[in-house]
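Following: one structure in structure tokens, then a few remarks.
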Protein chains: 2
Amino acid sequence: MLQKVVYAFNKQRTYMISHTEENYLKAIFKLIEKGKPSASTNGISKKMSTSAASVTDMLKRLSEKKYINYEKYKGVTLTSKGNKVATSLIRKHRLWEVFLVDKLNFAWDEIHDIAEEMEHIQSEELINRLDNFLDHPKFDPHGDPIPDAEGKFTFRHSFPLSELSVEETGTVVGVQESSSPFLQYLDKIGISLGSTIKIIEHFDYDKSTKAVLNNSNTHILSYKVSHNILVQKS
Amino acid sequence: MLQKVVYAFNKQRTYMISHTEENYLKAIFKLIEKGKPSASTNGISKKMSTSAASVTDMLKRLSEKKYINYEKYKGVTLTSKGNKVATSLIRKHRLWEVFLVDKLNFAWDEIHDIAEEMEHIQSEELINRLDNFLDHPKFDPHGDPIPDAEGKFTFRHSFPLSELSVEETGTVVGVQESSSPFLQYLDKIGISLGSTIKIIEHFDYDKSTKAVLNNSNTHILSYKVSHNILVQKS
DNA sequence: AGTAATTTTTAGACTAGTCTAAAAATTTTA
DNA sequence: TAAAATTTTTAGACTAGTCTAAAAATTACT
């Protein structure tokens, strides 16, 4: 009984958000970002590679701590407190990615896992100095927007290459997937941020696309590829 | 029973050293570094701010995993495997400290806690690129040597200012304590790495020292201060 | 609307790390 | 060298995070 009291005291005294809690909040943020009004237990479970039971456990904790709005069997949304944590984590992640590419010359397919660890370093001062050191970048090496210290994202209209019309030319401004195999494939065929792509033809049969890259080579791109490349009309 | 088997399997499959285990190894390294032949449970407990019981628990685990040589009631030493982990951690810590000061312009009293988190980022490639980016520094902002990728430290003969003889002049090459209050005190009286200090007198009574800093101001330094400043004869 | 399928939650177990209190071993001291 | 002091270990509890299996709730489908 005495022990219980002591533990309760320590809990209050040393209260801090854990890496795991942060990761769950980021996962929820990303699920909702994709347009859905709320995140489901199974959706979070998939994104986090944990069991649904673990997710339910964590949702209870996060709700208790006011990071999320949660009612049993209904989906979850972030409170403004939770949103702040998630946005800050994304800011850190993307700034570190810029650091890794711009300063340490990593390739864009090597940085995700490292940034995944670095985003948990707890120091606002550090991140603001880093932001300054990197000249306040607005987008990371995959073209994703970097929120500012207040959590505001720079909006940029872009859409998948698969939706660009025949005869039109687009400029690559981002990718929807950050996996090494995908990015290495883009490297191999010469696509990077800033590349121009002109659509020759969309094939209905398998949704593949014939396109001219950087005014030189012609390639057939599968739907899986064209759908994950984000462009702006140019 | 079935569960037990599954857990054992996962344990093997996902084996990685934890942050906590790393921190204990570093603590043991630092205790032994100070000249003692082995580290005691109480010594580790003090350095880690955990109970002696927790230390004993951890020693069993670390021994099981071959990071330390441990016999009940005897002190512990690091195996070469454990030494490698500790040295690598110190390398990471000190390189990040250089980054924080040289690139992000932090003061030397603000960096310890941040580096304490950054040292756990797991990527040899990252550290080697960082080392390169920083031009292979041999000492960190507190004057401590940075081991190279093979774990070798650059040796430099230095000793506490309190042991410098009267009339002799020394150059500050390091500090034995990294706490903010101590480093800020040094800032205030104008002592940094490279400063010169000439001893005027050592007072036996309280072991304080009268000295001339950088050929200008004369100060009385307490033993606590002079003992934590490392110098070379100049 | 009622059953089937799916999703979510609960129950209970496990690990890594932590603690306090008490027991055991070692070291110090008279 | 025997008692006292100190150190170390054990015993048992607690939290955060994880799991599987089973129960409960919701959604989908005749």
Side-chain angles (χ1 to χ4, degrees), chain A residues 1-28 31 36-65 67-76 120, chain B residues 1-28 31 36-65 67-76 120:
Chain A
M1 206 51 190
L2 177 63
Q3 285 189 330
K4 229 171 194 170
V5 174
V6 172
Y7 275 112
F9 176 73
N10 280 340
K11 195 178 170 184
Q12 260 198 312
R13 203 173 55 103
T14 63
Y15 180 65
M16 266 191 81
I17 193 166
S18 71
H19 290 193
T20 311
E21 288 170 328
E22 287 188 328
N23 285 335
Y24 273 92
L25 292 175
K26 193 175 66 163
I28 295 166
L31 287 167
K36 288 164 203 157
S38 71
S40 71
T41 301
N42 262 357
I44 298 166
S45 152
K46 232 177 188 173
K47 187 139 249 173
M48 293 292 297
S49 305
T50 54
S51 69
S54 301
V55 174
T56 301
D57 263 24
M58 182 53 86
L59 294 184
K60 281 182 200 159
R61 272 194 292 263
L62 292 175
S63 175
E64 184 64 39
K65 294 178 179 176
Y67 289 115
I68 59 171
N69 304 114
Y70 171 56
E71 258 185 285
K72 269 199 231 172
Y73 294 101
K74 311 270 183 289
V76 301
H120 295 289
Chain B
M1 207 50 189
L2 176 64
Q3 285 191 328
K4 227 172 196 170
V5 174
V6 172
Y7 275 113
F9 177 73
N10 279 339
K11 194 179 171 184
Q12 258 197 312
R13 203 172 57 102
T14 64
Y15 180 67
M16 267 192 79
I17 193 166
S18 71
H19 290 194
T20 312
E21 287 170 329
E22 287 188 327
N23 286 335
Y24 272 92
L25 291 175
K26 193 175 68 163
I28 294 165
L31 286 168
K36 288 163 204 161
S38 71
S40 69
T41 300
N42 260 0
I44 299 167
S45 151
K46 230 178 188 171
K47 189 140 248 173
M48 293 292 298
S49 305
T50 55
S51 70
S54 301
V55 174
T56 300
D57 264 23
M58 182 53 86
L59 294 184
K60 281 182 199 158
R61 271 194 292 264
L62 293 174
S63 175
E64 184 64 40
K65 294 179 179 174
Y67 288 115
I68 60 171
N69 304 114
Y70 171 55
E71 260 185 283
K72 271 199 228 172
Y73 294 103
K74 312 272 183 286
V76 300
H120 294 290

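Order of the sequence lines sets the chain letters (A, B, ...), proteins ahead of strands, with each chain counted from 1.
- The listed nucleotides are C:dT10, C:dT9, D:dA11; the one nearest the side chain of B:A53 is D:dA11.
- Between the NZ atom of B:K72 and the OG1 atom of B:T41 there is a distance of 12.0 Å, given to the nearest 0.5 Å.
- Closest to the side chain of B:T50, out of C:dT18, D:dT7, C:dT8, is C:dT18.
- What you find for A:M16 and A:E21 is that their closest heavy atoms are O-OE1, 4.2 Å.
- Closest to the side chain of A:T41, out of D:dG17, D:dT10, C:dT8, is C:dT8.
- Residue B:K26 holds its NZ atom at 9.5 Å from NZ of B:K47, rounded to the nearest 0.5 Å.
- At the phosphate of C:dA16, neither OP1 nor OP2 sits under 4.0 Å from any side-chain N or O atom of B:R61.
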Side-chain donor-acceptor distances from residues 52-63 of chain A under 3.5 Å, at least two apart:
unit_1, atom_1, unit_2, atom_2, d
A:S54, OG, A:S51, OG, 3.0
A:T56, OG1, A:A52, O, 3.2

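- The B:S18 side chain lies nearest to C:dG17 when the options are D:dT20, C:dT9, C:dG17.
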Are A:H120 and A:N23 close enough, and set up right, to give a side chain to side chain contact (heavy atoms under 4.5 Å, CB included), and what steps lead you there? CA-CA 9 Å; A:H120 295 289; A:N23 285 335; 3.0 Å; yes
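- Residue A:K74 has its side chain nearest to D:dT26 when only D:dT26, D:dC19, C:dT10 are considered.
- Rounded to an integer number of Å, the gap from B:N42 CG to C:dT27 P is 13 Å.
- For D:dT18, one of the phosphate oxygens OP1 or OP2 lies less than 4.0 angstrom from a side-chain nitrogen or oxygen of A:Y24.
- With rounding to whole Å, A:K65 atom NZ is found 11 Å from D:dG17 atom C1'.
- At whole-Å resolution of the value, CD in B:E21 and P in C:dG17 are 5 Å apart.
- Distance CG (B:D57) to C1' (D:dA13): 12 Å, rounded to an integer number of Å.
- Here B:Y70 reaches the OP1 or OP2 of D:dT9: one of its side-chain N or O atoms lies under 4.0 Å away.
- Closest to the side chain of B:T56, from the set C:dA24, D:dT18, D:dT10, is D:dT10.
- What you find for B:A39 and B:I28 is that their closest heavy atoms are CB-CG2, 4.1 Å.
- Across all strands, B:S51 comes closer than 4.0 Å to base atoms (heavy-atom distances).
- Atom OH of residue B:Y70 and atom OG of residue B:S38 lie 12.0 Å apart, to the nearest 0.5 angstrom.
- Distance CE (B:M58) to P (C:dA16): 10 Å, rounded to an integer number of Å.
- For the helix from C:dA1-D:dT30 to C:dA30-D:dT1, the end axes, each set by the C1' atoms of five terminal pairs, are bent relative to each other by 0° (nearest 10°).
- Distance NZ (B:K72) to P (D:dA11): 9 Å, rounded to an integer number of Å.
- With rounding to the nearest 0.5 Å, the separation of CD1 in B:I44 from CG in B:L25 is 9.5 Å.
- Here the P atom of nucleotide D:dG17 and the CG atom of A:L25 are 11 Å apart, to the nearest Å.
- In this structure, B:K60 places its NZ atom 14 Å from C1' of C:dG17, rounding to the nearest Å.
- Taking only side-chain atoms of B:S40, from C-beta outward, the nucleotide of C:dT20, D:dT8, D:dC19 with the closest atom is D:dT8.
- At C:dT10, none of the side-chain N or O atoms of A:Y73 fall inside 4.0 Å of OP1 or OP2 (strictly under the cut-off).
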